[in-house]
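Remarks on the structure that follows.
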Amino acid sequence: MGIYLNPGNEYFQEALNSKIYVDKTGLIAYTNEVIGTSQKFVCVSRPRRFGKSMAAGMLAAYYGAGCDSREMFRGLEIFGDSSFDAHLNRYNVLFLNIQDFLGRSEQAGEVPACIQKAVGGELRKAYSGQTDFSDSYLPVMLAEIFEATGKGFVFIIDEWDCIFREKKKDVQAQTEYLDFLKNLLKDKTYVKLAYMTGILPIKKYGTHSALNMFDEYSMMNPKALAKYVGFTEMEVQKLCRKYGMDFEEAQRWYDGYRFRRVMHVYSPKSVVDAMRNREFDNYWIGTETYEALKIYIDMNFDGLCDDIILMLGGGKCKINPRTFQNDMTTFKNKDDVFSLLVHLGYLAYDIDRSEVFIPNMEVETEFANAVEAAGWDEVIRAISASEKLLEATLKRDEEAVAEGIDSVHMENTSILNYNNENSLSCVISLAYYSARKYYTLVREMPSGKGFADMVFLPHRKCADKPVIVAELKWDKTAEGAIAQIKEKRYVKALENFSGSMLLVGINYDKESKEHKCVIEEWDKK
């Protein structure tokens, strides 16, 4: 075994030895399908904390010829797959962590030479008796080894994009690095599989298309690999049962990423930390900070502030991700910023609706911190006052509720374009920000004969609080909003909820520029 050539299975063994291990070996069945085919180039991009390196170590343990990993996989999903024996420990694996090479290079442009020297040295040592190397150029060495031994190579390249993330402005080094990877991998018969992981996709770096042979599986669309992005709902339910944790709370804190094939994807490291510590909390700060998010909020493209406030209130925003150049420096509009935030894990993406949204409470906390650090004082004051607004609502203090919403509106007129019911909804969501401690906020919830504008469903541990059904009106009447809730039977879908229910009608009068609120307790009888 070597450092780069057939590094062994110890890294994956550490994952198996961990207190919590969730079986993701089904990924191997997919890579077995494409190994040695035209689809052998796989690039998986995910945020930090989403298990990229664990998967890379797993593949090295499975394919690497320098170890015997059969017993390691016994009892795991891949062990029963028909392809298991055909590829187990049959290939030479080259495992390259580009972050390590970047760290030991004084300049980013030195990374290719660093890889050449380190890997080339190992190859000479391992194969000096089997072939006379005619050239020290890495692709030539690999081709001659393949010719002499007949054994192909599996390339596992972890943190492949770190040069683009950490050396954002060194375009020359980036281009030379891409050319190096192209010359190493493209159209080479010794390549049986190339599996790359990173945070950013590889499709577009300006006009450079050196790596266009790769199929991409990203946070925008992970396609067939969706269930290997994070933890699935079933996996989290199983963990919650094992560790005696509240699954509903796990959902609220860590669920929210949505893909076509898997509708509920959880942040894996956060789930593991919550189970280990027996406590739901914000574990995002262990690898990311709100300061990273603040950089992109501070760009403040037209409409970005409005959209972030809308998303803080539980809303979704349309974007066009096609203009994003898949780097961290080329931003033409807010769509590019939001596309990057999807890849960083700060936003989730609905591919069918082309909408982004804040996935869960853990990430929402980071947005609130970033907004505060960015100096959005009006928004912070609204969030701070939201606890009192909720108290006034529960006490049915209609005047205090109307005044509280007026205050949020007036404080944020410089940020929000206030001209329709959607704008009103944005203000209401912000005004009730703290309600998320006790409630799940559902916007436009299907119910009865139409859609209730907002429904506040109490968390299981807050069952003593009433369900709140809110209808919003623009330049009409609050009484009319209450009447609509009743006439269209918005409460019908909520009949199974125990406890009381409040109906809240809110209207904004564009002449007086004031809100009016009517609150009634619903009699289920």
Side-chain angles (χ1 to χ4, degrees), residues 15 20-30 42-56 58 77 197-201 215-243 245-275 280-284 286-288 311 314 316-317 319 321 338-367 440 442:
I20 297 176
Y21 170 75
V22 174
D23 185 359
K24 294 293 183 179
T25 59
L27 171 65
I28 299 172
Y30 176 79
V42 178
C43 182
V44 174
S45 56
R46 304 175 194 163
R48 290 187 178 93
R49 318 169 336 128
F50 273 72
K52 297 187 298 297
S53 295
M54 189 282 292
M58 176 185 73
E77 182 181 346
T197 74
I199 293 176
L200 298 174
D215 289 327
E216 295 184 70
Y217 303 85
S218 72
M219 291 299 284
M220 287 284 187
N221 187 5
K223 295 172 279 196
L225 303 187
K227 67 179 179 179
Y228 306 115
V229 170
F231 289 171
T232 65
E233 188 159 81
M234 187 177 299
E235 289 165 346
V236 176
Q237 286 176 335
K238 184 177 179 180
L239 288 173
C240 285
R241 287 194 298 269
K242 180 176 180 179
Y243 290 95
M245 299 290 281
D246 186 340
F247 173 65
E248 183 181 283
E249 280 293 284
Q251 280 183 307
R252 191 163 67 95
W253 275 95
Y254 312 120
D255 186 14
Y257 300 96
R258 301 283 185 267
F259 306 122
R260 279 175 173 160
R261 303 186 187 209
V262 182
M263 289 304 296
H264 295 275
V265 174
Y266 293 68
S267 174
K269 185 179 185 301
S270 296
V271 170
V272 168
D273 287 348
M275 299 299 127
F280 295 110
D281 203 344
N282 183 356
Y283 296 103
W284 187 277
T287 54
E288 297 281 357
M311 288 189 285
K316 299 181 179 182
C317 300
I319 69 164
F338 286 157
S339 295
L340 174 61
L341 294 181
V342 170
H343 294 297
L344 295 177
Y346 284 112
L347 293 176
Y349 180 66
D350 183 332
I351 188 172
D352 294 314
R353 295 177 177 271
S354 295
E355 292 179 335
V356 292
F357 53 95
I358 298 174
N360 51 51
M361 193 168 79
E362 182 181 44
V363 180
E364 182 183 281
T365 301
E366 294 304 297
F367 267 94
T440 297
V442 183

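Predicted model only: the values in this text are computed from it and were never measured.
In terms of modelled atom types and a separation under 3.5 Å, the side chain of Asp255 and the main chain of His264 share no donor-acceptor contact. Using a distance-only test at 3.5 Å, with no hydrogens or angles considered, no donor-acceptor pair links the side chain of Arg261 to the main chain of Pro222. Judged by distance alone, with hydrogens and angles left aside, the side-chain atoms of Lys52 form a donor-acceptor pair with the main-chain N or O of Pro47 at under 3.5 Å.
Heavy atoms only, all atoms of each residue included: Arg49 and Pro268 are closest at O-CG, 3.3 Å. The shortest non-hydrogen separation linking Ala274 to Met245 is O-CE, 3.6 Å. The two residues Thr25 and Tyr21 come nearest to each other via the heavy atoms CG2-OH, 3.7 Å. Scanning both residues, Phe280 and Asp246, for their nearest heavy atoms gives CZ-O, 3.3 Å. Residues Cys240 and Met275 approach most closely at SG-CE, 3.8 Å, considering heavy atoms. Residues Asn282 and Glu366 approach most closely at ND2-OE2, 2.8 Å, considering heavy atoms.
Atom NZ of Lys227 sits about 14.5 Å away from atom CZ of Phe259, to the nearest 0.5 Å. Considering NZ of Lys24 and CG of Leu225, their distance stands at 11.0 Å, rounded to 0.5 Å. For the atom pair Trp253 CH2 and Glu364 CD, the distance stands at 9.5 Å (nearest 0.5 Å). Atom OH in Tyr257 sits 8.5 Å away from atom CG in Leu347 (nearest 0.5 Å). Expressed to the nearest 0.5 Å, how far CZ of Arg48 lies from CG of Leu344 amounts to 8.0 Å. One distance of note links CZ of Arg258 with CD of Glu355; it measures 13.0 Å at 0.5 Å rounding.
Applying the side-chain contact (heavy atoms from CB on, under 4.5 Å) criterion to Ser339, with sequence neighbours excluded, gives Met220, Ile319, Pro321, Phe324. Listed by chain and number, the residues in a side-chain contact (heavy atoms from CB on, under 4.5 Å) with Asp273 are Lys269, Arg276, Asn277, Tyr283 (sequence neighbours excluded). Under the side-chain hydrogen bond (donor to acceptor under 3.5 Å, both in side chains) criterion, Arg260 pairs with Asp352, not counting sequence neighbours.
Between Phe231 and Leu239, some side-chain heavy-atom pair lies under the 4.5 Å cut-off. Taking 4.5 Å as the limit, every side-chain heavy atom of Asn360 sits out of range of all side-chain heavy atoms of Tyr266. Looking at Ser45 and Leu200, their side chains never come closer than 4.5 Å, going by heavy atoms from C-beta outward. Here the side chains of Ile20 and Tyr243 are in contact, with some heavy-atom distance below 4.5 Å.
Under the 30°/60° scheme for interplanar angles, the aromatic rings of Phe367 and Tyr346 are found to stand perpendicular.
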- Apply the test side chain to side chain contact (heavy atoms under 4.5 Å, CB included) to residues Cys317 and Phe357: give CA-CA distance (whole Å), side-chain angles for both, the deciding distance (0.1 Å), then the verdict. CA-CA 7 Å; Cys317 300; Phe357 53 95; over 6 Å; no

- Message: Between Val236 and Tyr254, does the side chain to side chain contact (heavy atoms under 4.5 Å, CB included) criterion hold? Intermediate values first, please.
- Response: CA-CA 10 Å; Val236 176; Tyr254 312 120; over 6 Å; no

- Item | Val229 and Met219: CA distance, side-chain angles, deciding distance, side chain to side chain contact (heavy atoms under 4.5 Å, CB included) verdict | CA-CA 8 Å; Val229 170; Met219 291 299 284; 3.7 Å; yes

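For Lys223 and Tyr217, the positive end sits near the middle of the six-membered ring, less than 6.0 Å away and at most 45° from its axis.
Classification of Glu235 and Lys238 as a salt-bridged pair fails, no side-chain N sitting under 4.0 Å from a carboxylate O.
Side-chain contact annotation: Arg252 with Thr440, donor-acceptor N/O pair under 3.5 Å absent.
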